[in-house]
Visitor: 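There's a structure below that I have some questions on.
Hydrogens, waters and symmetry mates play no part in the numbers below; they use all other heavy atoms, side chains included. We count ligands from 1, going down the list as the structure has it; atoms in each ligand are counted the same way. Positions are given from 1, in the same order as the sequence printed here.
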Amino acid sequence: VKVAKPNIVGITKPANDNEPVRYGPWLPTKKVAKACGAKHYFTGLICKHGHIAPRLTSNGACMDCHNLRCGERHKIKRQTDEEWRTAANEKQKQRYHANPQASYDQGKKWRAANQNYVREYSREYQRRLRAADPARNEKTKDSMRMKRLNAAYVEAERQRDRERYARNPIPHRQKSRQYAIDNPEVAATHARNRRARIKQSEGEHTKDEIEDLRIRQKHKCASCGTSTKKSYDVDHIIPISKGGSNSISNLQILCPTCNRQKNNLDPIVFARRKGRLL
Ligand SMILES: [Zn+2]
Ligand SMILES: [Zn+2]
């Protein structure tokens with residue numbers, strides 16, 4: 001199976017003929033790559049582990065496989081070999097200075113592919129900072145108040161806002177409001193997760209998990225069996241206020257009537273009132 005050549009961040013053709021060909025993912029075969037002295041070539045064929053990636057000229061290995069193998073080895077080296085770590089950091093610094101934009105693009109791509117990790121990491125990071133200094137948030141607010149007493153600072157802030165508005169006249173808030181109107185399920189899930197997080201409940205769920213749950217319940221209310229195709233509420237089986245989790249295993253779809261009745265009741269109490277259970 002032949003496919004289009006990948007767009008590989010940071011690996012570009014040399015700008016002119018005088019520059020040596022170090023990377024050549026646009027070269028079709030190992031032979032050609034070898035002749036040019038290029039480190040890579042690209043056949044467009046899928047490797048035996050399912051990757052579509054450039055190959056190494058030296059041994060024909062798929063780059064994705066190669067990176068995976070090296071990644072594991074490097075992870076261990078980084079933790080155990082001080083000298084290796086220093087050299088690796090230095091190399092990375094040089095790579096960054098040679099082409100900052102490529103590093104930036106690569107980081108952006110990685111963050112987009114690992115959004116959950118990034119979100120969890122930054123939450124954990126903030127948690128750590130707060131744990132080290134419980135008054136941290138108040139201190140930040142105080143320092144902002146002090147800064148805003150300075151006329152020059154306030155003017156610079158306004159100037160920055162004006163420039164931002166000139167760049168993007170539709171404010172971010174308006175955009176996200178429109179997104180919520182266009183994607184009500186996503187917005188509702190987001191709001192539930194946020195409420196649960198504020199109440200320090202464990203767990204998170206996604207819009208797709210809710211969709212899946214609706215299908216598993218055959219679009220029927222878990223309590224009375226009414227159709228929930230047109231309107232439905234997502235209910236925490238054990239309420240968050242009673243220590244219930246916010247993950248999909250503690251969620252059920254109810255019709256709005258049942259949800260209003262259940263309100264904040266314990267599931268057992270609710271079931272008894274409905275004349276079921278015990
Ligand atoms: Zn591979
Ligand atoms: Zn119902």
Visitor: Taking only residues two or more places apart in sequence, or in another chain, which ones meet Q200 in a side-chain hydrogen bond (donor to acceptor under 3.5 Å, both in side chains)?
Guide: none
Visitor: Write the atom name of the N, O or S atom in H51 that is nearest the Zn ion (ligand 1).
Guide: ND1
Visitor: Between the side chain of N183 and the main-chain N/O of Y179, is any donor-acceptor distance below 3.5 Å?
Guide: yes
Visitor: So, for N168 and K175, which heavy atoms are closest and what is the spacing to 0.1 Å?
Guide: ND2-NZ, 3.7 Å
Visitor: Could you check whether any side-chain N or O of H49 sits under 3.5 Å from a backbone N or O of C65, counting only pairs where one atom can act as donor and the other as acceptor?
Guide: no
Visitor: Regarding C65, does it place an N, O or S atom less than 2.8 Å from the Zn ion (ligand 1)?
Guide: yes
Visitor: What angle, in degrees and rounded to 10°, do you get at the Zn ion (ligand 2) when you join it to SG of C255 and to SG of C221?
Guide: 110°
Visitor: Has C62 got an N, O or S atom lying less than 2.8 Å from the Zn ion (ligand 1)?
Guide: yes
